[in-house]
Each structure stands twice: as C-alpha cells, then as structure tokens.
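Please read all numbers here as calculations on a predicted model, not as lab measurements. Whatever order the structure lists them in is the order used to number ligands and atoms, beginning at 1.
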Amino acid sequence: MPEGDTVWNTARVLERALVGDVLTGSDFRVPQLATTDLTGFTVASSGSRGKHLLLRVERGDERLTLHSHLRMDGAWRAYRPGERWTGRPAHLIRVVLKTGRSVAVGYHLHEVALIPTATEESHLSHLGPDLLGADWDPDEAAHRIAGRPDVTISEALLDQRNLAGVGNLYKAETLFLSGVWPWTPVRDVPNLERVVRLAQKLVASNKGRWTQTTTGSLHRGQTSYVYGRRAQPCRRCGAPIRKADLDERVTYWCPHCQPEPAGPD
Ligand SMILES: [Zn+2]
C-alpha cells in the first residue's frame with residue numbers, strides 16, 4: 001500500500017536510477033503531457049512530500065518538477081536498458097524516462113504534472129507537515145487536526161492537509177495502538193499529539209524497506225495488529241478483528257481494544 005514510507009522509498013529508487021544523468025528519451029502516456037519531451041534535461045534530484053513524488057530536472061536555467069502520485073495502485077520501477085519491463089501490464093504505463101544506464105517506468109500514476117520547480121511549494125501548499133520531511137512538526141499536525149473537531153479521527157489522519165503521509169494501513173494501526181475507536185470525533189480523542197507522534201513513528205520505522213510492519217515482525221502474516229486481519233484474533237485480547245469498507249477508506253479495528261465511547265445518558 002503506497003503510504004509515506006513507500007513513496008519515500010520510491011523516490012530513492014528514482015534517485016539511484018536517474019539522478020545526475022541526462023535524459024536520452026521520455027514518453028508521457030497521459031493526455032496533458034502527450035507532446036512533452038524531456039530529452040536533454042539532466043535529472044537533478046528525486047524527493048517526496050507526503051505521498052507526492054517530485055522528480056526535478058533541469059536544462060540551462062530551465063528547472064522543472066515532474067509531479068506524480070501513487071494513490072492506491074501506482075508504482076515506479078527502474079530497469080537496465082534492454083531489460084524486460086515486468087512491473088505491470090503495459091497499458092498501465094504512464095511515463096517512461098530513459099538515460100544511458102537506466103529506464104524508469106511509472107505505472108498507473110496519478111496527478112502527473114510538469115511544473116516549474118519554483119512553484120513546487122505553492123503546488124503542494126495544501127499539504128500538512130510531512131511525516132518523513134525535515135519540517136515534520138507534530139504540534140502543527142495536531143493543531144490542524146483539532147481545527148475540525150467534528151470529523152472522525154480516521155478521516156482526520158487520512159486528510160493530507162493535516163499531516164502528509166498516512167494511508168489506511170498506518171491509520172488503522174495507529175488507532176489500534178492508541179486504543180481509539182476509528183469513528184471517534186476528533187474532539188473526543190484524548191491526546192491528539194500522541195496519536196500523531198505514533199503515526200509518524202510507525203511510518204518512519206519502515207523507511208528504507210518495502211515490507212511494512214507495525215509489530216516489529218517481518219514475517220508474513222505477522223506484520224500488522226489489525227490491518228488486513230478481518231475475523232482473525234486480536235493479538236492483544238483475542239477478539240475477532242473487524243473490517244469496514246467505505247470506498248477506498250477501509251478500516252480495521254478491534255471492538256474490544258478500541259471500544260466505541262459510551263454515548264451521553
Ligand atoms: Zn483486542
């Protein structure tokens with residue numbers, strides 16, 4: 001699941017494959033960039049902010065940023081020239097970037113845009129503090145969440161305007177470890193800053209590897225407390241884990257460890 005850590009790792013893949021080299025070819029299979037050609041541009045850097053990927057290229061004094069978003073299903077893969085592209089079906093390819101030593105292929109990318117690098121900040125100004133960014137600020141993230149007290153804590157954690165980098169996996173795991181029922185309104189969550197700090201810790205602990213674990217175990221089937229474990233026994237209390245599906249916003253929780261708050265009498 002592409003969350004902050006996956007996106008950060010993907011930025012490193014592109015960095016190793018492309019940065020420092022001149023593009024010898026580009027192929028954009030998205031309507032808005034169909035005629036764009038980045039041949040001759042040098043790849044200057046590869047970074048991420050929340051779940052947004054930022055690949056910066058330059059030629060002379062022209063500096064551009066290729067923005068892409070993985071959402072639920074996107075991916076970038078790097079290949080050697082001549083190597084078979086095995087990542088995904090070809091019809092999902094959205095961007096191909098070639099250098100003398102690498103080919104980077106972007107599958108099922110979303111929000112593909114080429115913007116002047118100078119406008120990056122304003123392009124992403126809606127994002128809250130980046131969990132994996134140098135500017136990570138738990139107080140600010142908690143403050144932003146608290147600004148909309150009627151929203152459920154699940155929605156608030158996913159809202160990238162509050163903090164950038166949490167998806168369904170880390171949302172579910174953070175709330176389990178915090179003992180908070182997923183539909184609790186923000187105003188009733190006892191310690192927002194602690195919740196936010198925990199989410200950051202979980203995401204950051206998976207930087208640099210592709211297996212996402214919140215339990216500390218890298219063994220298959222043991223990497224999460226509740227996520228992906230519908231009807232399986234809670235690791236703490238044995239109660240069957242529950243799952244709720246709302247569009248893309250799937251939630252898992254333990255009804256015993258994360259009880260629904262009692263309503264007013
Ligand atoms: Zn439990």
First locate atom OH of Y252, then atom OH of Y227, and finally report the distance between them rounded to the nearest 0.5 Å.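 Taking OH in Y252 and OH in Y227, the distance rounds to 5.5 Å.
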When rounded to the nearest 0.5 angstrom, what distance separates CG in L175 from OG1 in T184?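 Nearest 0.5 Å value for the CG-OG1 distance: 8.0 Å.
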Counting only protein atoms, how many N/O/S atoms are less than 2.8 Å away from the Zn ion (ligand 1)?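 Under the 2.8 Å cut-off, the count stands at 4.
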Hey, could you give me each pair passing salt bridge (Lys or Arg N to Asp or Glu O under 4.0 Å) that has a residue in residues 86-109? Not counting sequence neighbours.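 Non-adjacent pairs meeting salt bridge (Lys or Arg N to Asp or Glu O under 4.0 Å): D21-R101.
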H69 and H67 aromatic ring geometry - parallel, tilted or perpendicular at 30°/60° bounds: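 Ring orientation, 0 to 90° scale: tilted.
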Could you tell me whether K243 and D245 make a salt bridge, using a distance below 4.0 angstrom between a side-chain N and a carboxylate O?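 Yes, charged N to carboxylate O under 4.0 Å.
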When you group the ILVMFWY residues by side-chain heavy-atom contacts below 4.5 Å and let the links chain together, are L114 and L97 in the same group?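 L97 and L114: one cluster.
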